[in-house]
Amino acid sequence: MPLDSAALKETLIAVLGQIQADSGLECPPLTGATKPIENLPKFDSKVWPVATTIIATETGATIPNDVNIFVDETTKLPRSIDEIAAFVCELLKKQSEKEAAAA
């Protein structure tokens, strides 16, 4: 089933909230405008890969290990939850197009 950005956003919010709760850390209200790197306490480079793996597992998506979904590679700026959802959807779309072209 293809993922849309709304479904992905819901998963992101659930996973990020769970990570903060499991870590015993404060979690501000999460919205599409929340930037996890800036807004979540202790959400750093040690936590990003864990969060990415959980999100990939929860959604059945393949997110390459060398892709940081939380930071824009070009601008080096933290992404918001809306931007992360859109980025991951685009990533998955490109992957499925590549798979379709290879088939």
Side-chain angles (χ1 to χ4, degrees):
M1 185 176 88
L3 281 171
D4 63 36
S5 63
L8 205 54
K9 179 180 164 182
E10 276 181 36
T11 302
L12 276 164
I13 288 174
V15 168
L16 294 171
Q18 191 62 50
I19 286 172
Q20 293 304 104
D22 288 349
S23 305
L25 295 169
E26 188 187 328
C27 187
L30 299 172
T31 69
T34 303
K35 293 183 178 180
I37 290 176
E38 288 183 349
N39 301 131
L40 297 183
K42 298 191 179 179
F43 191 80
D44 58 20
S45 59
K46 292 177 188 161
V47 183
W48 305 341
V50 177
T52 303
T53 300
I54 295 171
I55 290 163
T57 303
E58 291 278 323
T59 59
T62 303
I63 301 173
N65 290 335
D66 61 343
V67 173
N68 184 348
I69 63 172
F70 298 101
V71 176
D72 187 305
E73 207 171 276
T74 309
T75 63
K76 308 293 180 200
L77 294 173
R79 287 189 171 109
S80 68
I81 287 176
D82 278 343
E83 290 167 338
I84 296 166
F87 174 75
V88 173
C89 278
E90 190 60 30
L91 190 72
L92 298 177
K93 193 176 153 203
K94 283 181 191 165
Q95 284 174 358
S96 68
E97 284 171 359
K98 214 181 269 181
E99 284 170 12

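Since this is a predicted model, take the numbers as computed values, not measurements.
- Note: the hydrophobic cluster containing Val15 also contains Val67 (ILVMFWY, side chain heavy atoms under 4.5 Å, direct or indirect links).
- By the 4.5 Å heavy-atom criterion applied to side chains, Ser45 and Asn68 are not counted as neighbours.
- The distance from atom NZ of Lys35 to atom CG of Leu40, rounded to the nearest 0.5 Å, is 13.0 Å.
- Ile84 contributes atom CD1, which lies 9.5 Å from atom CG of Leu8 (distance to the nearest 0.5 angstrom).
- Nearest heavy atoms, Gly17 versus Cys27: CA-SG, 4.0 Å.
- Formation of a donor-acceptor pair under 3.5 Å by the Arg79 side chain with backbone atoms of Val71 is found in this model.
- Residue pairs meeting the side-chain hydrogen bond (donor to acceptor under 3.5 Å, both in side chains) criterion with at least one partner in residues 15-25, sequence neighbours excluded, are Gln18-Asp22.
- Placement of Leu12 and Val50 within a single hydrophobic cluster is found when ILVMFWY residues are connected by side-chain heavy-atom separations under 4.5 Å, directly or transitively.
- Closest heavy-atom contact between Thr34 and Pro29: OG1-O, 3.6 Å.
- Rounding to the nearest 0.5 Å gives a distance of 13.0 Å between OG of Ser5 and CD1 of Ile81.
- Evaluation of the side-chain contact (heavy atoms from CB on, under 4.5 Å) rule for Glu10 yields no partner, not counting sequence neighbours.
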**Request:** Start with the C-alpha gap between Ile69 and Ile63, add the side-chain angles, then the distance that decides, and say whether side chain to side chain contact (heavy atoms under 4.5 Å, CB included) holds.
**Result:** CA-CA 9 Å; Ile69 63 172; Ile63 301 173; 3.9 Å; yes

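- Remark: Leu16 CG to Phe70 CZ distance equals 5.5 Å, nearest 0.5 Å.
- Pairing each heavy atom of Pro41 with each of Leu25, the nearest pair is O-CD1, 3.5 Å.
- Closest non-hydrogen pair, Ala33 versus Asn39, comes out as O-OD1, 4.5 Å.
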**Asked** What do the steps show when you test Phe87 against Asp72 for side chain to side chain contact (heavy atoms under 4.5 Å, CB included), and what is the final call?
**Response** CA-CA 9 Å; Phe87 174 75; Asp72 187 305; over 6 Å; no

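- Applying the 6.0 Å contact sphere to CD of Glu97 captures more than 12 heavy atoms from other residues, nucleotides or ligands.
- When all heavy atoms of Glu83 and Ser80 are compared, the closest pair comes out as OE1-N, 2.8 Å.
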**Asked** Going through the distances and angles, do Asp82 and Lys9 end up as a side chain to side chain contact (heavy atoms under 4.5 Å, CB included)?
**Response** CA-CA 7 Å; Asp82 278 343; Lys9 179 180 164 182; 3.2 Å; yes

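- Atom CD of Glu99 is separated from atom CG of Leu92 by 9.5 Å, given to the nearest 0.5 angstrom.
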